[in-house]
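Residues: numbered from 1 along the sequence shown. The analysis underlying the following values was restricted to heavy atoms, covering all of them including side chains, and did not include hydrogens, waters or symmetry mates.
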Amino acid sequence: MPRALLLPLVLLAGSLVVPASATASVSATAGSAGASGSLTASAAETLLSQGKPSTASSTESASLGPAGAFDGDLTGTRWASAEGHDPEWIQVDLGAVTPISRVRLTWEAAYARAYQIQTSLDGVSWTAVHSTTSGDGGTDDLTVTGEGRFVRMYGTARGTSYGYSLHEMQVYGDTPGNPGGPEYQAENATLSQATVASNHAGYTGSGFVDYVNTVGGYVEWTVQAATAGPATLTFRYANGTTAVRPLAIAVNGTVANRDFPGTGAWATWSDLTLTATLKAGANTVRATATGAAGGPNLDKLTVGASSGGETFVVAAAGDIAEQCTASSSSCAHPKTANLVKSMNPDFVITMGDNQYDDARLQDFTAYYDKTWGAFKNKTRPSAGNHESYDPAGFEAGYKSYFGPIAFPNGKSYYSYDRGNWHFVALDSNLFDQSAQINWLKADLAATDKRCVAAYWHHPLFSSGEHGNDPVSKPVWQILYERRADLVLNGHDHHYERFAPQNPNAQADPNGIVEVLGGMGGASPYNIENVQPNSQKRLSGTFGVVKLTMGDSTFSSQLIGVDGQVKDTSPTYTCH
């Protein structure tokens, strides 16, 4: 298969209950022929730098600040220093002293000929962990040994007459207090219709496994567990195409099907993690290709201890179905529906304006139902202003189409639980009515879940054409006082992710993360007035927000209709 930049590690989740043991007592044997498997006790790498606070010695312009090198976008955003000056530097604050194992620099045309990678415990005294005087631009993937809270690129000689410019600086290492488990190299497992290769950079061990382009090839490990119990199985893989490559993951014969999305390039490695329950003794883990294009390139399997909590995936978008069908190449909602299908989420959230223009029942049937309707039974919708325009009556078509899915208690606002999460679907068309506000207060007071997410249509904060909508501020205040974690909105037809903040737009570690996902299919809006705490904005990009919800954590990604990851958030811990 064809091959050949590094996207951030993607943590996806499965619900397969299949388990394990104290990882220190796990061993591997490769194959039915009795070949010995390769076990590495080193910690699994984690992307540490994305979305973390960053500073630089200078910037060429306000739009080319240091945050652009730590946002997960390898080609669009960047940091650029002032031109014609040495030295210049860019640094990131990881938040805690952390072991560092790798730094990856994706240069723009203005690269460094001579530079150092430096670490610091305090941001004052620096130690060089890598030096070069022969940089040639492109991508530098550097293996380093060191530790620090701060990591910086310190450029001393430019490679061009301009300045220094990085599309992305990615720092990898071991999350403090969360070391990885034993690793089983794919090249030492039992293989069928697959071969060992080493022609793409970034693999661990002596190589990686390349599936043949056909159904049925597999990689199989035998994992010994001293005791039974829950565990995580993490597959490190690369998929340099935009199409997903599905694998059937069988643990002792129990199968969970998982899609392995594109990683952008064959030298770009990512992680997919599922939860399993291992039995005491020998366990067979087999990853079988179920698509005609074969499986992704597999580097290794890591077995880790599990907290026992559930992890699940949610797909989310608002502003979805224009009055068009797949017969028109410009029609976007069939393409975003295909994204949802490839994600195979546990359920789907919509943030209003599900159907344009007046959300009549016949339009829901003719358009939305032909695409996003495929997920109707696992959709948890909310209403937008276009649902209120129906000539048949306020939200009449919306109610007729979704029925009790959107009105489980006869009202257009409701709540539900999944794992350690409490979800609240609200109707921002009715925020001026006390009944919903009083219900929300009582609902939040009654839940004992640690993590709380809420979603509705009109955002309190937006840098788009509609801008901030104060109708949502009282609801934000209620959620903030309950220490809610996440708010999802639509209305403005762009993507935007905000840092935690309070209802007064002040940065606050105890605040709420807002994600605006109004790019489900409606015509895009422009970014007009950038708001405080806005960390990432994209206009003109159709896509779906992919949420990975852990027992006490969450993270998000924007996946574009080209299958590429457009943005990845930090992993947040629930309040």
Side-chain angles (χ1 to χ4, degrees), residues 242-244 259 261 313-345 347-390 395 397-398 400-402 405-406 425 455-457 464-466 488-496 515-526 538-547 556-567:
T242 58
V244 299
D259 289 333
V313 171
V314 179
D319 307 277
I320 299 170
E322 293 273 19
Q323 293 175 315
C324 61
T325 66
S327 61
S328 170
S329 61
S330 63
C331 191
H333 65 93
K335 301 172 185 176
T336 57
N338 287 335
L339 274 181
V340 176
K341 181 180 179 181
S342 69
M343 291 179 189
N344 190 28
F347 56 92
V348 176
I349 283 173
T350 70
M351 291 89 79
D353 283 3
N354 303 271
Q355 176 61 58
Y356 287 86
D357 194 42
D358 296 331
R360 299 174 300 173
L361 177 60
Q362 56 264 45
D363 292 331
F364 267 107
T365 302
Y367 305 110
Y368 181 96
D369 190 63
K370 297 296 190 293
T371 56
W372 283 63
F375 324 111
K376 182 177 178 180
N377 290 338
K378 61 179 180 180
T379 297
R380 308 290 183 265
S382 65
N385 53 290
H386 279 266
E387 273 75 26
S388 72
Y389 300 157
D390 189 348
E395 298 180 2
Y398 172 71
S400 296
Y401 178 73
F402 283 110
I405 294 173
Y455 56 99
W456 63 88
H457 189 59
E465 294 182 17
H466 285 306
L488 301 165
N489 299 124
H491 196 44
D492 262 330
H493 301 178
H494 72 278
Y495 170 81
E496 189 163 11
V515 178
L516 197 162
M519 2 50 55
S523 299
Y525 291 171
N526 295 323
L538 289 170
S539 177
T541 297
F542 294 108
V544 176
V545 176
K546 184 171 189 175
L547 299 163
S556 66
Q557 291 183 313
L558 174 65
I559 312 297
V561 292
D562 60 359
Q564 299 300 301
V565 178
K566 306 298 184 182
D567 180 46

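- Side chain of Thr336 to backbone of Gly520: a donor-acceptor contact under 3.5 angstrom is found.
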- Please walk me through it: do Val348 and Val314 pass side-chain contact (heavy atoms from CB on, under 4.5 Å)? CA-CA 6 Å; Val348 176; Val314 179; over 6 Å; no
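- A donor-acceptor pair under 3.5 Å is absent between the side-chain atoms of Lys370 and the main chain of Pro334, judged by distance alone.
- The shortest distance between side-chain heavy atoms of Phe347 and Thr379 does not fall below 4.5 Å.
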- Message: Go through it in stages, so that I can follow the logic: the residues are Asn489 and Trp456, the test is side-chain contact (heavy atoms from CB on, under 4.5 Å), and I'd like the CA-CA distance, side-chain angles, deciding distance and then a yes or no.
- Response: CA-CA 5 Å; Asn489 299 124; Trp456 63 88; 3.3 Å; yes
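- Ring pair His457/His491 is perpendicular by interplanar angle, where above 60° counts as perpendicular and below 30° as parallel.
- In terms of heavy-atom proximity, Ala522 sits nearest to Phe542 at O-CE2, 3.1 Å.
- With Asp492 contributing its side chain and His494 its backbone, the two residues share no donor-acceptor pair below 3.5 Å.
- Across Asn526 and Glu465, no two heavy atoms sit closer than the pair N-OE2, 2.9 Å.
- For the atom pair Gln323 CD and Asp357 CG, the distance stands at 6.0 Å (nearest 0.5 Å).
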- Message: Between Gln355 and Tyr401, does the side-chain contact (heavy atoms from CB on, under 4.5 Å) criterion hold? Intermediate values first, please.
- Response: CA-CA 11 Å; Gln355 176 61 58; Tyr401 178 73; over 6 Å; no
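- The two atoms that bring Pro381 and Asn354 nearest to each other are CB-OD1, 4.5 Å, heavy atoms only.
- Distance check: Asn338 CG to Thr371 OG1 gives 9.0 Å after rounding to the nearest 0.5 Å.
- A donor-acceptor pair under 3.5 Å is absent between the side-chain atoms of Asp567 and the main chain of Gln557, judged by distance alone.
- Nearest heavy atoms, Asp562 versus Gln564: OD1-N, 3.0 Å.
- When every heavy atom of Ala317 is checked against every heavy atom of Gly543, the shortest pair comes out as CB-O, 4.3 Å.
- Annotation: the span from Met519 atom CE to Leu538 atom CG amounts to 9.0 Å, rounded to 0.5 Å.
- At least one donor-acceptor pair closer than 3.5 Å links the side chain of Asp353 to the backbone N or O of Asn385.
- Side chain of Lys546 to main chain of Ser556: no donor-acceptor pair is present (N/O by atom type, distance under 3.5 Å, no hydrogens or angles).
- Each of Phe364, Tyr356, Tyr398 was compared with His386 under the ring-ring contact (aromatic ring centres under 6.0 Å, His included) criterion, and only Tyr356 meets it.
- Checking side-chain atoms of Glu395 against main-chain N and O of Glu387 turns up no donor-acceptor pair under 3.5 Å.
- Using cut-offs of 30° and 60° on the angle between ring planes, the pair Tyr368 and Phe402 is perpendicular.
- With Glu322 contributing its side chain and Ser523 its backbone, the two residues share a donor-acceptor pair below 3.5 Å.
- From Leu516, atom CG reaches atom CG of Leu558 across 11.5 Å, with rounding to the nearest 0.5 Å.
- Not a single donor-acceptor pair under 3.5 Å links the side chain of Ser328 to the backbone N or O of Thr325.
- Shortest non-hydrogen contact noted between Ile320 and Thr350 is CD1-CG2, 3.9 Å.
- Taken to the nearest 0.5 Å, the CD atom of Gln362 stands 10.0 Å off from the OG atom of Ser400.
- At a threshold of 4.5 Å between non-hydrogen side-chain atoms, the residues Val515 and Leu547 do not count as touching.
- A donor-acceptor pair under 3.5 Å is formed between the side chain of Lys378 and the backbone N or O of Pro345.
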